[in-house]
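Everything on this sheet refers to the single structure shown next.
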Amino acid sequence: MENSGTKKRAWAEPFKIKMVELIEMTTREHRLECIKEAGYNTFLLKSKDVYIDLLTDSGTGAMSDRQWSGIMMGDESYAGSRNFYHLRDTVEKYYSYKHTVPTHQGRGAEHIISKILVKKGDYVPGNMYFTTTRLHQELAGGTFVDVIIDEAHDVANLHPFKGNIDFDKLDALVKKVGAEKIPYVCVATAVNMAGGQPISMENMKQLREWCDKHKILVVHDMTRVSENAFFIKTREAGYENKTIAEIVYEICALTDVATMSAKKDPMVNIGGFLAMNDPKLYDKACNLVVVYEGLHTYGGMAGRDMEALAIGIVESIQWDHIRAREGQVEYLGQRLMDAGIPIVQPIGGHAVFLDARTMLSHLPQEHFPAQALAAAIYLQSGVRSMERGAVSAGRNKETGENYMPKLELVRLTIPRRVYTQAHMDVTAEAIIDVAAEAKSVKGLKLVYEPELLRFFQGRFEEL
Ligand code: P61
């Protein structure tokens, strides 16, 4: 029952478990070796050495029996696979976009749309940066401009829609560079780097009006749109009686183009797409997708994966699913808050974000407290998390200076339909133990820095 859902009452996962993957706890001595070998970077750990894996919710979800059945229905024809048409029709039905171009994952879609729309010297405003999104805008010759509300950069601010856009910032950009230098506004739902924070429908509508006025497109990073819809339903006046499906559709219909990493909301292990309404833009995307991904009816995806994705889209917008998903994230966040651990508030959609700046207040940001904290959590407990602070922010593309973002966070990201409440309890206990000995955590220095997206493969040593 969708509409009874906003009432306070116990919830349970709307599934039972049919198959399990065994995991093992390791010893502290072994983990010490592993984290040193990984250069204090949790991306470089082997998954066999990880106990509870909260690195990411990307491609790590558990597919349903229906999705697995879809895998068996893969039509692997080179051209015109029936799974493509199923995917295309599902995208149009639930997300409103008429044309779909499959890509191997989200960044494949970002690559294509940035190449089509961004020219050298352009500016691309967005509600906070995302690593791959900004990089593709920059590689195409653009400059990213952050136009999210200031509240988003403040961990303790309780604004219910910290993903909102600040229109004064957009106006100021138009005044400075002119609307013709802004090909589109990139709007993310459930803003990842802000802590999985939603944008309100009111703000989305204002964005549509603003962009119409200036003849600027709206490109929607819809990677976690159903999580955003959950927060609209539970927080925004007038939406309490709408279904998640209705809210998701309404959000998408306010935008022109979408990039999707299907590894999140729709729970497939790999895949994504670029979607749009304008047939001319679709033609251009078809032209580029054959160069970088594959023919326009499979892009970067196998037929079977397109089928699992089409099924996953429908599962992702069910109320029982999304309520349990957000309930689990909230459960972990609340346990940590009860223990006095500083986290980003309100608790976001896909993860709980620890405030490393406060937890490791003895470390300056130049010593990468979030990176050090993620390594310490692994050493303590075998729980793998991800740095989301100065290392992820990288360097200014013009000056080469390190960005020093206000948010210096560690992300405990919860894969969909994978872990139990007991796993969340063990995770919370591990974080509480690390917090009790926070002063013993040493800062880090970079000893190997890749040129692009350095957080993935960078290596560190203890100071
Ligand atoms: C993640 F550390 N996210 O959250 P792709 N947009 C958004 C994403 O969250 C996203 C992509 C586009 C990941 C994987 C990842 O710095 C990192 O399918 C809102 O991963 O290409 C991906 O989609 C890109 C982790 C990506 C990172 C970049 O864990």
Side-chain angles (χ1 to χ4, degrees), residues 41-45 47 53-61 102-114 124 126-139 144 148 152 163 186-199 219-228 251 257-275 292-293 299-301 305 309 312 329 348-353 370-371 374 384-394 403 405 407 409-416 418 450 452-458:
N41 184 349
T42 53
F43 277 105
L44 299 179
L45 289 167
S47 99
D53 202 347
L54 306 185
L55 180 72
T56 177
D57 61 334
S58 182
T60 54
T103 56
H104 74 284
Q105 56 185 83
R107 66 199 75 178
E110 292 170 346
H111 177 207
I112 291 171
I113 198 66
S114 303
V124 188
N127 52 348
M128 207 171 265
Y129 85 100
F130 187 70
T131 53
T132 55
T133 322
R134 181 179 69 190
L135 180 61
H136 279 298
Q137 293 159 359
E138 289 178 354
L139 290 173
F144 167 81
I148 203 165
C186 183
V187 63
T189 33
V191 182
N192 193 347
M193 300 301 279
Q197 300 294 326
I199 178 168
V219 175
H220 174 202
D221 181 340
M222 63 174 302
T223 296
R224 297 183 182 85
V225 67
S226 71
E227 297 186 351
N228 197 110
I251 294 171
V257 177
T259 56
M260 171 62 124
S261 169
K263 303 167 74 172
K264 282 84 164 176
D265 254 7
M267 294 169 286
V268 287
N269 301 124
I270 192 74
F273 57 78
L274 176 64
Y292 296 109
E293 303 270 328
M301 293 182 77
D305 291 331
L309 169 53
V329 178
H350 62 303
V352 175
F353 290 72
Q371 188 78 27
R384 170 153 67 173
S385 57
M386 185 194 289
E387 191 268 4
R388 293 280 84 165
V391 180
S392 296
Y403 285 118
L407 299 178
L409 309 174
V410 167
R411 190 179 76 171
L412 300 161
T413 336
I414 306 186
R416 295 166 186 78
V418 170
L452 302 174
L453 302 176
R454 65 181 181 181
F455 53 89
F456 281 130
Q457 289 131 352

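Whatever order the structure lists them in is the order used to number ligands and atoms, beginning at 1. Keep in mind that what you see is a predicted model, and the values were worked out from it rather than measured.
- Judged as a side-chain contact (heavy atoms from CB on, under 4.5 Å), and not counting sequence neighbours, the contacts of Leu139 are Leu135, His136.
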Audit row: Gln137, Cys186, side chain to side chain contact (heavy atoms under 4.5 Å, CB included) steps and yes/no: CA-CA 10 Å; Gln137 293 159 359; Cys186 183; 4.0 Å; yes
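- Annotation: salt bridge (charged side-chain N to carboxylate O under 4.0 Å, His left out) contacts of Arg107 (sequence neighbours excluded): none.
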Asn192 and Arg388: CA distance, side-chain angles, deciding distance, side chain to side chain donor-acceptor pair (under 3.5 Å) verdict: CA-CA 10 Å; Asn192 193 347; Arg388 293 280 84 165; 5.4 Å; no
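- Using modelled atom types, one side-chain atom of Thr42 and one backbone atom of Ser385 make a donor-acceptor pair closer than 3.5 Å.
- By the salt bridge (charged side-chain N to carboxylate O under 4.0 Å, His left out) test, Arg416 is found to be paired with Asp57, Glu227, residues two or more places apart in sequence or in another chain being considered.
- The immediate protein surroundings of ligand 1, defined as residues with any heavy atom under 4.0 Å of it, consist of Phe43, Thr56, Ser58, Gln105, Gly106, Arg107, Glu110, Phe130, Thr131, Thr132, Asn192, Asp221, Thr223, Arg224, Ser261, Lys263, Lys264, Met386, Arg388, Arg411, Phe455, Phe456.
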